[in-house]
Amino acid sequence: KGVNFGDTRGYNHVEKKEKYLTAKYGAHQMLLIKKRLAVEMWVFEELGRLYCTEDDDHDCNLELEEILNLDTDDERRQYSLEQLTTAKESKEEVHKFVEELVKKAK
């Protein structure tokens, strides 16, 4: 007796395994990446608090990359405050956030 596998005409191709490129980072570089990610998550949580929302439904375009590209703490403060003009929390809370952000962004 033979085994009948049915119509095999559509199964003559060999599935190609997807390949992913991975990079190895040194310990110092990984530490910087983890620190940056932690600051990004903190900013996201704080923006939710300042705008009284639990999701990304706020009108703020605050970018950590922009803050890091500025030269002085005063420029960082000014940029941050300009982006947070529509925050629902008090100005005092916004200023506390900005001061903490400037510290964390170093």
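Sequence positions, counted from 1, serve as the residue numbers for this chain.
- Cluster annotation: L68 is connected to L47 through the hydrophobic network of ILVMFWY side chains, with a link wherever side-chain heavy atoms come within less than 4.5 Å.
- Screening residues 32-44 for side-chain hydrogen bond (donor to acceptor under 3.5 Å, both in side chains), with sequence neighbours left out, gives R36-E40, R36-E65.
- Of the inter-residue distances, the one linking K96 atom NZ with E89 atom CD reads 9.5 Å to the nearest 0.5 angstrom.
- Summarising the geometry, atom CD belonging to E46 is positioned 8.5 Å from atom NZ belonging to K104; distances are rounded to the nearest 0.5 Å.
- Atoms OG1 and CG, from T53 and D59 in turn, are 12.0 Å apart once rounded to the nearest 0.5 Å.
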Can you list, pair by pair, the side-chain donor-acceptor contacts under 3.5 Å of residues 76-88, counting residues two or more places apart and other chains?
residue : atom : partner : partner atom : Å
R76     : NE   : I67     : O            : 3.1
R76     : NH1  : D73     : OD1          : 2.9
R76     : NH2  : L70     : O            : 2.8
R77     : NE   : E99     : OE1          : 3.3
R77     : NE   : E99     : OE2          : 2.7
R77     : NH1  : D74     : OD1          : 3.1
R77     : NH2  : E99     : OE1          : 3.3
Q78     : NE2  : E82     : OE2          : 3.1
Y79     : OH   : N61     : O            : 3.4
Y79     : OH   : E63     : N            : 3.2
S80     : OG   : R76     : O            : 2.8
T86     : OG1  : Y51     : OH           : 3.3

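- Residues passing the side chain to side chain contact (heavy atoms under 4.5 Å, CB included) test with L31: none are found, sequence neighbours excluded.
- When the side chains of ILVMFWY residues are joined at heavy-atom separations under 4.5 Å, either directly or via intervening members, V39 and I33 end up in two distinct hydrophobic clusters.
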